Structures are given as structure tokens and as C-alpha cells.
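Since this is a predicted model, take the numbers as computed values, not measurements. Quick note on labels: first sequence line is chain A, next is B, and so on, each numbered from 1.
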Amino acid sequence: MGAFSDKAFDIVRRIPRGRVMSYGAVARAIGEPRKSRFVGYAMRNNPDPDIYPCHRVVFKDGAICDSYVFGGPEVQKRLLEQEGVPFLDDTHVDMAKCAWTPGEDTFGRPTDIDWEREIGD
DNA sequence: ATTTTGACGGCAC
DNA sequence: CGTGCCGCCAAAA
């Protein structure tokens, strides 16, 4: 995989549970906002969905991609709901509430590595 | 080397 | 709020 994909996965891996990032946000986090599209391309080659929560990457609108998803958009939505990600409607995530960006505190926050912990709060 | 193809995003309708 | 188009740019054919 290219260096870009590597960076993309590095960012995605840090997305805490219950939060999401848009493809463009990931691209911007990498420093190349123009390659938002390529982020999706990278996700398509996700080596290990268990390590890289690509399901937390959605459209800027909060919509979920309808193609090339591991188990279909429904599965992705299901995973997000499971994490407590708020939805505006049946097809859109409430980005205003769960949009995340690197730099926010992930220290005490649960990340992909904390799958064991439940969202109970 | 050239053409086609997108897990996108923005903007016009 | 949904559709359609165009611009980006690397990867695949």
C-alpha cells in the first residue's frame, strides 16, 4: 500500500468509539484534503477491519456509502448505532455531535483498542 | 504512455 | 432534501 493509505489507516485507527470522521476529514488530517476520494480507496483495501474501524468513516453529510462496504451499508450503520453514534435519520449520522478530529483527547477516551469496554457510560 | 475508474466533496438544479 | 455534474489524483487496465 502507498504511504497515503498507511497514513489514512493510522488516522482511522485513532477514531474513538461513538465518533466518526468523514473521508475528507481524514484526508485533511493527513495534510492532503484533495485526496478525500483516495481515502475511500484506501479503506477498500482495509487489511484488518478489526484494527482499523473503517466503519467510522462516513461522508461529510453523515451518509454511509452504499457500495463496496464489507457487509453493506446496513451493517455499517448497525455498528455505528452499537457504538452510540447518533443518527439524524435512517441514512445520516449526526456529524454535528459525533464528528471527531485528531487532536481531541483520545487519551482517556476509548478507541478501537477498547472494544471490550461497553458504551454503557 | 494513455484511458478509465472511483468507500469524495462542492455546487447547481 | 434528492440528483446530477464536475474537479481531484492515484491506481489499475
Check your understanding: Of all the nucleotides listed (B:dA7, C:dG2, B:dG9), which has the minimum atom distance to the side chain of A:His92?
Key ->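 Closest nucleotide to the A:His92 side chain: C:dG2.
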From the list B:dC8, B:dA7, C:dA10, which nucleotide is the closest neighbour of the side chain of A:Met43?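 Nucleotide nearest to A:Met43's side chain: B:dA7.
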Is a salt bridge present between A:Arg13 and A:Asp10, judged by a nitrogen-to-oxygen distance below 4.0 Å?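 Salt bridge flag = yes for A:Asp10 with A:Arg13.
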With nearest nucleotide decided by heavy atoms, which residue, A:Lys60 or A:Cys65, maps closer to the 5′ end of DNA chain B?
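So the residue in question is A:Cys65.
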**OP:** Specify the separation, in whole Å, of atom CD1 of A:Ile30 and atom P of C:dC9.
**Re:**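 Computing the A:Ile30:CD1 to C:dC9:P distance gives 14 Å.
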- Message: Parallel, tilted or perpendicular, judged at 30° and 60°: which one describes the rings of A:Phe9 and A:Tyr52?
- Response: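 Tilted: the ring planes of A:Phe9 and A:Tyr52 meet at 30° to 60°.
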*Nearest nucleotide by nearest heavy atom, which residue falls closer to the 5' end of DNA chain C, A:Ser36 or A:Tyr41?*
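Result of the comparison: A:Ser36.
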- A:Asp61 CG - B:dC11 C1' separation (whole Å):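 For the pair A:Asp61 CG and B:dC11 C1', the rounded distance is 12 Å.
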| Rounded distance (Å) that lies between atom P of C:dC8 and atom CD of A:Glu32 |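 Value for this atom pair: 15 Å.
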| message | Among C:dA12, C:dC9, B:dG9, which nucleotide has an atom closest to any side-chain atom of A:Arg34? | response |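 Of all the options, the side chain of A:Arg34 is nearest to C:dC9.
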- Taking only side-chain nitrogens and oxygens of A:Ser22, does any of them come within less than 4.0 Å of OP1 or OP2 of B:dG9?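 For B:dG9, OP1 or OP2 has a side-chain N or O of A:Ser22 closer than 4.0 Å.
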### A:Ile64 CD1 - B:dA7 P separation (whole Å)
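It is 16 Å, rounded to the nearest whole Å.
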Atom-to-atom span, CD of A:Gln76 to P of B:dA7 - whole angstrom:
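One finds 13 Å between P of B:dA7 and CD of A:Gln76, rounded.
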inquiry  = From CZ of A:Arg28 over to C1' of B:dG10, roughly how many Å is that when rounded to an integer?
reply    =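 It works out to 13 Å between those atoms.
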| Between CG of A:Asp66 and CD of A:Gln76, what distance do you get to the nearest 0.5 Å? |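 One finds 10.5 Å between CG of A:Asp66 and CD of A:Gln76.
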query: Tell me: CE of A:Met21 to P of B:dG9, nearest whole Å?
result: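 For the pair A:Met21 CE and B:dG9 P, the rounded distance is 11 Å.
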| message | Between C1' on C:dG2 and CG on A:Asp89, what's the gap in Å once rounded to a whole number? | response |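 Taking atom C1' of C:dG2 as the reference, CG of A:Asp89 is at 12 Å.
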- Item | Heavy-atom check, side chain of A:Lys35 versus side chain of A:Tyr41, under 4.5 Å |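 Not in contact.
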(request) Could you please name the option among C:dA10, B:dA7, B:dG9 that lies closest to any side-chain atom of A:Phe38? (result)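 From the listed options, C:dA10 comes nearest.
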Run the salt-bridge test on A:Glu32 and A:Lys7 with the 4.0 Å N-O cut-off and return the result as yes or no.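 The answer is no: the pair does not qualify as a salt bridge.
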Check: When you measure from the side chain of A:Arg37, which nucleotide among C:dG7, B:dA7, C:dA11 comes out closest?
Finding: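 For A:Arg37, the side-chain atoms sit closest to C:dG7.
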Exercise. Touch check for A:Tyr23, heavy atoms < 4.0 angstrom, all strands: base, sugar-phosphate only, or nothing?
Worked result: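 The answer is base, as A:Tyr23 lies within the cut-off (heavy atoms under 4.0 Å) of a base atom.
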